[in-house]
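This report concerns only the one structure given below.
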2 protein chains.
Amino acid sequence: MVSIKDVAAAAGVSAATVSRVLNDHPSVSTATRTRVLSAVEDLGYRPNAVARSLRTDQTRTLGLVISDVLNPYFTELARSVEGAARALGYSVIIGNADEQPELQDHHMRTLLDRRVDGLLISPTDGCSSLMRDAAQAGTPLVFVDRWIEGMDVPVVRSDGRAAVHDLVAHLHALGHRRLAIIAGPAATTTGRERIEAFREALAAYGLSLPDAYIGQGDFQAASGRRVTEGFLGLPEPPEVVFATDNLMALGALDAVRAHGLSVPDDIALVAFDDIPWFVHTDPPITAIAQPTGELGRAAVRALVDRIEGRTPQSVTLPARLVVRRSCGNPPATQRSQS
Amino acid sequence: MVSIKDVAAAAGVSAATVSRVLNDHPSVSTATRTRVLSAVEDLGYRPNAVARSLRTDQTRTLGLVISDVLNPYFTELARSVEGAARALGYSVIIGNADEQPELQDHHMRTLLDRRVDGLLISPTDGCSSLMRDAAQAGTPLVFVDRWIEGMDVPVVRSDGRAAVHDLVAHLHALGHRRLAIIAGPAATTTGRERIEAFREALAAYGLSLPDAYIGQGDFQAASGRRVTEGFLGLPEPPEVVFATDNLMALGALDAVRAHGLSVPDDIALVAFDDIPWFVHTDPPITAIAQPTGELGRAAVRALVDRIEGRTPQSVTLPARLVVRRSCGNPPATQRSQS
DNA sequence: AGAGGCTTTGAAATCGATTACATCGATCGT
DNA sequence: ACGATCGATGTAATCGATTTCAAAGCCTCT
């Protein structure tokens, strides 16, 4: 591999001068600059980012730790994060935690060992000591989508409260009264928040949320199936199932199919997180859509602000209800463009 | 940040000894070893991977350059690659090329600058000089899914020929005779291979593939929609559309819907690449499934073999037809477990 | 002409690890 | 008892960049 010394030798200057040329340092004569540049060209020299990082103590790399890449919501988030980071001259290393705290810790450790400049995290659980240590140690951290309460770390997320209210209004208007929820892990903020918002919204319509209608899921498809099967086995099954993420909605759909029932005639289905596929399922699924791309961009902006010494802001963006056909035929005025 | 010197000082030994303990060098006395280890523990020391990489000239990192993360096929591939790499003590940095050669080059350059130990690539186009240079320079390279002909680089892929024959047999048995294809970019090997296999299989049944029934797509949903609209506008539209990847199948489904037609009654649809969502679309979609997970694992195995000085093998695994309902009701014997 | 200032360049230290080589005791074999 | 050997450890070089400091060369001004 050709190093800075080779370039220096080829151009008849010192390594220091080559470095200056490469970093656009002003005090290099035009003559030397062109000589160095052509040596760089000739030798096909590329600076060794490892060596550079060691010296400058910055890697221009961001770590992104998400809970499940196979979840299209996170895939899209990852993509927008990468794009935004690239635009600012940063690379992104993604760590997939698969909803397992140990895996999450593994990735955090690896990323920290690699001295990423900052970390974007969507925590799988409520309390990782590693995360506290990192924050303590001054590592730039930003939470995205989910967060950990009590930590002084900026949070970039979307608030689903209003959309959940809209959702319940929509369901109520369609005549549904027995509404059930497949909740996410209570250890996650999104898990807790969504069920609370749902309960509040139901209360506003004088409806209650009996324990039998609360299923505990883990944001994975299998749990959606299991919980829904439980619902269908009830003496009085719910009229609507609200899956608090898209994978559990998929599982719910499976379960309904397996019972030979149909959506929305026998049971209605709604999901949190909208994804392109929901348009093509049978039937198209009503969902609460987050501004995923904007979330990713805002998160990168906040993290890079923190890294570069500015003061990062927490950001909360609204989610919105996208009405399709999985809860019964909506009145024409409510129909979304989907 | 605490460095090896701090640990050395705390344990009352030299940095060399600390390094030896950390790397399980045999000639360290048990006493010193425990002393060092407890200093490491006390100070919460973690070796700086950047410094280590500079010295040892290895990063224990693999680069994965794929053409589109939003494509569930590649997402799954990426996931299995990461898992397999982790099991062997490697990390993975993913570069998403979004089917753009320039972006692909950007990521290759970044990964090379970071001195990844090897690169797993699914090339977007047929000829990147960067790639040739890298191969020339001795960078361990392995192609996965797609490859570039004429380069002496191991290829890990799945052969769809047999499955495409099965597919045509299936369609023929259902009485379909006018079969159209949405092809992928001719610059990609998978793009070319799939259309060739299709043409051959048709020939085996005495069917031809008229130009009007060949649509040029780019592996993205929008192109699937556009091409399908073209097919539907034909004086004699095809009875079957074969989309050579899952995103174009989605686009095709959109187009069919937009025309107020239904699958499979008005037109049948098949996709290359099976994904979980195909079970839940309306109707469930018949597809050719690649052994994606195994592909990722084999690719990592090949690359790590190459990196660690063993001789890597090219691997070709068979794809298989998964029959669902999007081509009409199959005879009971052919029905898959889906 | 000489002092001072500016531009351009190079020498050398540094980042945090690994590792070849040297060193120092202690043990062993004869 | 003495040289050889071995085990444990330290010293210093090294990886490839960046950056501080010093110095050289050249102007300019008085």
Side-chain angles (χ1 to χ4, degrees), chain A residues 1-37 39-40 43-61 89 109-117 137 139, chain B residues 1-37 39-40 43-61 89 109-117 137 139:
Chain A
M1 204 84 255
V2 26
S3 85
I4 198 169
K5 284 187 195 154
D6 303 314
V7 177
V13 297
S14 73
T17 301
V18 177
S19 173
R20 280 190 272 256
V21 170
L22 263 30
N23 292 285
D24 285 321
H25 189 96
S27 72
V28 183
S29 73
T30 322
T32 350
R33 162 160 285 130
T34 52
R35 201 141 36 85
V36 167
L37 253 21
V40 165
L43 299 175
Y45 169 72
R46 300 243 79 211
N48 184 326
V50 174
R52 183 188 298 223
S53 295
L54 177 59
R55 182 57 232 246
T56 61
D57 199 33
Q58 52 162 320
T59 51
R60 293 205 75 83
T61 302
R109 227 186 310 268
T110 313
L111 292 167
L112 258 16
D113 284 356
R114 275 162 203 261
R115 301 298 193 266
V116 292
D117 293 340
T139 312
Chain B
M1 202 84 257
V2 26
S3 86
I4 198 169
K5 284 187 195 153
D6 303 314
V7 177
V13 296
S14 74
T17 302
V18 177
S19 173
R20 280 189 272 256
V21 170
L22 262 31
N23 293 284
D24 286 322
H25 189 95
S27 72
V28 182
S29 73
T30 322
T32 349
R33 161 160 285 128
T34 52
R35 203 141 37 86
V36 167
L37 254 22
V40 165
L43 299 175
Y45 169 72
R46 299 244 78 212
N48 183 327
V50 174
R52 180 185 298 212
S53 294
L54 177 60
R55 182 58 232 247
T56 60
D57 200 33
Q58 51 162 321
T59 51
R60 292 204 76 84
T61 301
R109 228 186 309 269
T110 314
L111 291 166
L112 258 16
D113 285 356
R114 270 160 207 265
R115 301 299 194 266
V116 292
D117 293 340
T139 312

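Keep in mind that this is a model prediction, so the values were computed, not measured. Letters go in sequence order (proteins before strands), and every chain restarts at 1. Note that these values count all heavy atoms, side chains included, but never hydrogens, waters or copies made by symmetry.
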Point-to-point distance, once rounded to the nearest 0.5 Å, from [atom1] of [X] to [atom2] of [Y]:
{"X": "B/Asp113", "Y": "A/Arg60", "atom1": "CG", "atom2": "CZ", "answer": "13.5 Å"}
{"X": "B/Arg20", "Y": "B/Ser14", "atom1": "CZ", "atom2": "OG", "answer": "6.0 Å"}
{"X": "A/Asn23", "Y": "A/Arg52", "atom1": "CG", "atom2": "CZ", "answer": "5.5 Å"}
{"X": "B/Arg55", "Y": "B/Asn48", "atom1": "CZ", "atom2": "CG", "answer": "15.0 Å"}
{"X": "A/Asp6", "Y": "A/Tyr45", "atom1": "CG", "atom2": "OH", "answer": "9.0 Å"}

**Asked** Just checking B/Ser29: base, sugar-phosphate only, or nothing, at a heavy-atom cut-off of under 4.0 Å?
**Response** sugar-phosphate
**Asked** Which part of the nucleic acid does A/Ser53 contact within heavy-atom distance under 4.0 Å: base, sugar-phosphate only, or nothing?
**Response** nothing
**Request:** Go along nucleotides 14-20 of chain D 5' to 3' and tag each nucleotide: B for a protein heavy atom under 4.0 Å from its base, S when only backbone or sugar atoms are that close, - otherwise.
**Result:** BBBBBBB
**Request:** Starting from the first five and the last five pairs of the helix from C/dA1-D/dT30 to C/dT30-D/dA1, work out the angle between the resulting helix axes, to 10 degrees.
**Result:**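 The end axes of the helix from C/dA1-D/dT30 to C/dT30-D/dA1 are about 50° apart, to the nearest 10°.
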**Request:** Figure out the CZ/P separation between B/Arg35 and D/dA8, and round it to whole Å.
**Result:** 13 Å
**Request:** Give a yes/no on whether any side-chain N or O of B/Thr32 is located under 4.0 angstrom from OP1 or OP2 of D/dA8.
**Result:** no
**side-chain contact (heavy atoms from CB on, under 4.5 Å) between A/Arg115 and B/Met1, intermediate numbers included** = CA-CA 10 Å; A/Arg115 301 298 193 266; B/Met1 202 84 257; 3.5 Å; yes
Please tabulate the protein-to-nucleotide N/O contacts below 3.5 Å involving nucleotides 5-7 of chain D, giving atom names and distances.
none

**Message:** For a 4.5 angstrom cut-off between non-hydrogen side-chain atoms, does A/Leu54 reach A/Val50?
**Reply:** no
**Message:** Taking side-chain hydrogen bond (donor to acceptor under 3.5 Å, both in side chains) as the criterion, tell me which of A/Thr139, A/Thr59, A/Thr61 meets it with A/Asp117.
**Reply:** A/Thr59
**Asked** Is there a donor-acceptor pair closer than 3.5 Å between any side-chain N or O of A/Thr32 and the backbone N or O of A/Val28?
**Response** no
**Item:** Partner of A/Val7 by side-chain contact (heavy atoms from CB on, under 4.5 Å), out of A/Val21, A/Val18, A/Val13
**Value:**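 Result for side-chain contact (heavy atoms from CB on, under 4.5 Å) with A/Val7: A/Val18.
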